[in-house]
Structures are given as structure tokens and as C-alpha cells.
Amino acid sequence: MSNGSNPTVDPRCMQMPPHAIDIILKLDIFGLILYSVLTFMAAVSMLVYIEECIYIYRKVPNNKKSVIIWVNGAAPVIGAMSCLGMWIPRATMFTDMFSACYFSIVVFKFLILMVEEVGGDEGFLKRAGKHKLKISTGPCCCCCLCLPYVAITRRSLFLLKLGSFQFALLKPVFTILSIVLWTNGTFDLADLNITGSAIWINPFVGILTIIALWPVAIMFINLRTALRTLKIIPKYAMYQLVLVLSQLQTAIINILALKGTIACAPPFSAAARGYMLSQQLLILEMFIITLVTRLLYRRQYDPLPEEEEEHDDNENTKMAPVP
């Protein structure tokens, strides 16, 4: 028997997430409207993205087409995956992993985008020849103000690219490994024991993420002045917002669900309900970001003005100065 100090847990709170058909059959009027509106938002996001891809394919120079399409796709792809996870709760782990893999590539592509906007590798090295890179920036070394400035060479540019590329390469590898271990019953996000594989894989992927974000931040800090006319600051803000919402927000909600802060609501367990809330929030947020991103990237892609050696005082064509 149950008493006040030892309440009985509803058996449905211990079950796996429901099947899609179970959700559809149990939707009330409010739930039907909510699911319909969120699905409509995800569909509109993808349609806007497809239209934007057509515009980019027709109007943008060849060297920028691929990277801009990749970067533009972050919000609509995450929104679409969240919509699938909302309708099919048992697939949430896979949809989240696919979104994370896509964004790992976007991190690298955003760095390449900034380099291409100043004329590619050769244009960047020519423009930055007399400048140095400030590396005391987040997320690794924002507090290490004593770090020296680094000369801009082909080697330093290669290391910056490599720092972000490793995440685009290793994140899918660890995702595949996680899925393989999950099929074997040895990977469980809720298993926080030292013997669980998730407690080892996830922190390591987190370290790779921080290492990958650092070169992008370095490049942005040093090119934000030169690319100000191309709205690089709001573009970087949207990129960071997608990162925070898709990674940090989702992680916080899932932790609250695992700790029991988010209550069970049959047929959803606490963990499944946390995932559901996360997916629904992401659909709305990614819809808004998709619309804002469309405004930022839909422009004429004219070459950036050349930086003159001595007498050009136009700060919009210069890199960040070295103090």
C-alpha cells in the first residue's frame, strides 16, 4: 500500500515513450491545434529554406554557394528533426543526433564562410598580412588576456580550419558509435553510472565542441570589422543562438527531466516529456531564426572592397587592429 511518505509511482511513468499512433489517438482539441501549428511552422521553415537555396544557387558566386546553403540550413533542419521527434517520441535520440551532426558541419562551414567573404584563403592572407590574430577569446581562453597575438600565416589558417573540421568529422563518428552501442543496450542517456558509455562519450564530445567553437570565435573577432557591411555580427549572433538553443537549452531541459523536476504526464515519462517540451520549443525557435536568417543572407554578393596599404581610413574594409 502507498502512504504519504512513499507514494506509488504510476506504472505508465516507467514505460518507454508512446508510439506515434498513441499520441494521435489521445490528442485533445488543444493538443491537435498545438501539434498542427508546430508542424506548419516546421514545414514553412523548410519551404523558406528551399526557396533560399534556389536564390543562392542563382545569385551567389560558386565559391560561396555551398557554405551559405549549409549555414542557412541549420535552423530549418533542426526544426524539421524536432518535428519528427515530436510526432515520433521513440525516435527523439536519433533526430537529436542527426541535428547535432548537421550543426557540427555548420560550425566548420561558418568559419569557411567568413574566409570566403574576404576573398578565400589568398584574399584573407593578403588582407591580413600585416595583422595578427587575437586568440584570447571564448569559449576556451576568454579569460587568458595575457596570451600573445599570433601571426597570420598559411599554417595558422590551416590550424584554425583543422580545429573546426575535427568536430565535423568526429561528431558523426561518435554518433554512429553511440547508435551501435545503443542497439547493444550499452548506451543510455539516463545512465550516469561510471560504467555507462554515455558518461564517457558525451563529455568527450563536449570537449571537441569547445575546441571547434574556438577557431570560429577567433576568426569572427578578427574579421568582424572587415565584414561589418556584410552583417557578419547578426549572422554570428544567429549562429550562436542556434548553438545555445539546440545544445544548451536541450541539455538543461533533459537534465531537469532526468532529475524529476519535470513531472511525468502519462503516457509520457518524465524523460520523454522533457524531450517533448524541448522539441516543441525548438520548432518555434528555429522557425523564427529561419525567417531572420533569410533576411540576413538574401542580398547581393558583391566582392568586398580591397584594403589599401596606407591611406584607406574606411574601417569597414579593415581587420580588427592589434593594440
**Asked** Under the side chain to side chain contact (heavy atoms under 4.5 Å, CB included) criterion, do Glu117 and Ile232 qualify, and how do the steps go?
**Response** CA-CA 10 Å; Glu117 290 284 25; Ile232 194 61; 5.8 Å; no
**Message:** Do Ile29 and Tyr35 land in one hydrophobic cluster if side-chain heavy atoms of ILVMFWY residues count as linked below 4.5 Å?
**Reply:** yes
**Prompt:** Are the side chains of Tyr49 and Ile69 in touch, meaning some heavy atoms are under 4.5 Å apart?
**Reply:** yes
**Same apolar cluster: Met219 and Leu159, side chain cutoff 4.5 Å** = no
**Message:** Under 6.0 Å from the ring centre and within 45 degrees of the ring axis: does the NZ or CZ of Arg298 meet both conditions for the six-membered ring of Tyr55?
**Reply:** yes
**Message:** For the CZ atom on Phe220, are there more than 12 heavy atoms of other groups (residues, nucleotides or ligands in this structure) within a distance under 6.0 Å?
**Reply:** yes
**Nearest atoms (heavy-atom pairs only) where Ile201 meets Leu177** = CD1-CD2, 4.2 Å
**Fill in**
Closest non-hydrogen atoms of Gln279 and Met81, given as atom of the first, atom of the second and distance, are OE1-O, 4.2 Å
**Request:** Go through Thr39 and Met86 one step at a time and tell me if the side chain to side chain contact (heavy atoms under 4.5 Å, CB included) criterion holds.
**Result:** CA-CA 9 Å; Thr39 302; Met86 179 183 69; 3.8 Å; yes
**Hphob cluster co-occupancy, Ile50 + Leu291, side-chain heavy atoms under 4.5 angstrom** = no
**Lys231, NZ atom: more than 12 neighbouring heavy atoms under 6.0 Å** = no
**Prompt:** Does any non-hydrogen side-chain atom of Leu245 lie less than 4.5 Å from one of Ile289?
**Reply:** yes
**Request:** Report yes if some heavy atom in the side chain of Leu160 is under 4.5 Å from a heavy atom in the side chain of Ser156; otherwise report no.
**Result:** no
**Request:** Evaluate the side-chain proximity of Ser178 to Met97: yes if any heavy-atom separation is below 4.5 Å, no if none is.
**Result:** yes
**Item:** Phe110 and Trp70 aromatic centres sub-6.0 Å
**Value:** no
**Message:** Looking at every heavy atom in both Val107 and Ser164, which two are closest together, and how far apart are they?
**Reply:** CG1-OG, 4.3 Å
**Message:** Quick one, Phe287 and Val44 - any side-chain contact, counting heavy atoms below 4.5 Å?
**Reply:** yes
**Message:** Closer than 4.0 angstrom, basic N to acidic O: yes or no for Lys59 and Glu52?
**Reply:** no
**Asked** Minimum heavy-atom separation for Leu38 to Ile283, with atom names?
**Response** O-CG2, 3.2 Å
**Message:** With a 4.5 Å cut-off on side-chain heavy atoms, are Ile112 and Phe165 touching?
**Reply:** no
**Message:** Please determine whether residues Leu295 and Ile233 belong to a single hydrophobic cluster, defined as Ile, Leu, Val, Met, Phe, Trp and Tyr linked transitively by side-chain heavy-atom distances below 4.5 Å.
**Reply:** no
**Asked** Closest heavy-atom contact between Met114 and Val216?
**Response** CE-O, 3.6 Å
**Item:** Side chain proximity check, Ile253 to Leu281, heavy atoms < 4.5 angstrom
**Value:** yes
**Asked** Which is it for Phe167 and Thr209 under the side chain to side chain contact (heavy atoms under 4.5 Å, CB included) test, yes or no, and what are the steps along the way?
**Response** CA-CA 6 Å; Phe167 186 49; Thr209 305; 3.2 Å; yes
**Prompt:** Are Ser66 and Lys109 close enough, and set up right, to give a side chain to side chain contact (heavy atoms under 4.5 Å, CB included), and what steps lead you there?
**Reply:** CA-CA 9 Å; Ser66 175; Lys109 292 293 184 179; 3.9 Å; yes
**Asked** Looking only at heavy atoms, what is the nearest atom pair of Leu169 and Val173, with distance?
**Response** O-CG2, 3.3 Å
**Prompt:** In terms of hydrophobic clusters joined by side-chain contacts under 4.5 Å, are Leu181 and Phe204 together?
**Reply:** yes
**Asked** Centroid-to-centroid, Trp182 to Phe94, below 6.0 Å?
**Response** yes
**Asked** Heavy-atom distance under 4.5 Å between the side chains of Phe40 and Ser36, does that happen here?
**Response** no
